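Single-structure report; data block below.
Throughout, a chain's letter reflects where its sequence line sits, starting with A, and its residues are numbered from 1. The structure displayed is predicted, hence computed values, not measured ones.
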Protein chains: 2
Amino acid sequence: MTNARDEIFRTLADPTRRAIFERLCREGEKTVGALTVHAGVSQPVVSKHLATLKRAGLVRDRHEGRQTHYSAEFAALAPLVDWANEMTGFWEKKFDALEDLLKRMDQ
Amino acid sequence: MTNARDEIFRTLADPTRRAIFERLCREGEKTVGALTVHAGVSQPVVSKHLATLKRAGLVRDRHEGRQTHYSAEFAALAPLVDWANEMTGFWEKKFDALEDLLKRMDQ
DNA sequence: TCGACGTATAGCCAGCGGGCTATGAATGAG
DNA sequence: CTCATTCATAGCCCGCTGGCTATACGTCGA
């Protein structure tokens, strides 16, 4: 029952994980080792976070020899943006309704 | 050190809390009691979630007699949208760079 | 003034999850 | 073949937090 939107929010809630994702967004494809250097946590933890990000569809992995290259999946952010737009959309709707009401009152 | 963006993500990560926020977005100002009816959790829990949402700047409260009315603060979603745009922005940048590269190669 | 009502706070518990180390599995180098 | 390298997995621990009940606090009606 836990939908994609929920998973995206949960996944991006952790600062360490979000930092890893940000890094992939800014600097493109990176190996686990390269990410670990600046992550501030151990390599297994980085791998774990990457697995979580992958399950949420936020990253892709590409195996090349013994290293795994990860890259950001930008499109996966769409549900988040859509949700935010939907929420603020309700505000605009109400604003429109208010405007409409005022117009009617003006008549 | 935990900035606003971080707090917003953490706050919206919980499904129950996000549902409450969504409800406030969709249906406007609501009392704690009204929110509790459909929240699926006890009243104290709803109050707690509302306090968390308030600390994150996502809702406002208005006291009227013994009831407290809460309403969504849509503007508080801006950091979230900005962040998402920034992330996808890196993608566009890279796309532009690629386009530029292809142009140069074409010459 | 007193009781009922609406909300917030306190205190507790259990589970989730993020951190660690140790180790396994796969690949490359020599 | 053997050893080093790179990453993933396993197993553990502990703090955080979301849930609960009980209760305190403030407000309204009688």
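- A donor N or O paired with an acceptor N or O is not found under 3.5 Å between the base of C:dT7 and the side-chain atoms of B:R66.
- B:S42 comes within 4.0 angstrom of a nucleotide base, judged by non-hydrogen atoms across all strands.
- Taking only side-chain nitrogens and oxygens, A:Y70 never comes nearer than 4.0 Å to OP1 or OP2 of D:dT6.
- For the pair B:Q67 CD and C:dA4 P, the interatomic distance rounds to 19 Å; values are reported in whole Å.
- The side chain to side chain donor-acceptor pair (under 3.5 Å) pairs that include a residue from residues 68-79 of chain B are B:H63-B:T68, B:E64-B:H69, where partners are two or more places apart or lie in different chains.
- When distances are taken from the side chain of A:T68 to each of D:dA22, D:dA8, D:dG18, the shortest belongs to D:dA8.
- Residue B:V32 is in sugar-phosphate contact alone, with no base atom involved, counting any heavy-atom pair closer than 4.0 Å across all strands shown.
- Within the structure, a side-chain polar atom (N or O) of A:T31 is placed less than 4.0 Å from OP1 or OP2 of D:dC7.
- Here the side chain of A:R17 is nearest to one of D:dG19, C:dG19, C:dG18, namely C:dG18.
- For B:D61, the salt bridge (charged side-chain N to carboxylate O under 4.0 Å, His left out) criterion is met by B:K54, not counting sequence neighbours.
- A salt bridge links A:R18 with B:D6: at least one charged nitrogen is closer than 4.0 Å to a carboxylate oxygen.
- Hydrophobic cluster membership differs between B:V81 and A:M87, with clusters built from Ile, Leu, Val, Met, Phe, Trp and Tyr side chains linked at under 4.5 angstrom.
- Residues of residues 47-62 of chain B that place a heavy atom closer than 4.0 Å to DNA chain D, in numerical order, are B:K48, B:H49.
- To the nearest angstrom, C1' of C:dC16 lies 16 Å from CZ of B:R10.
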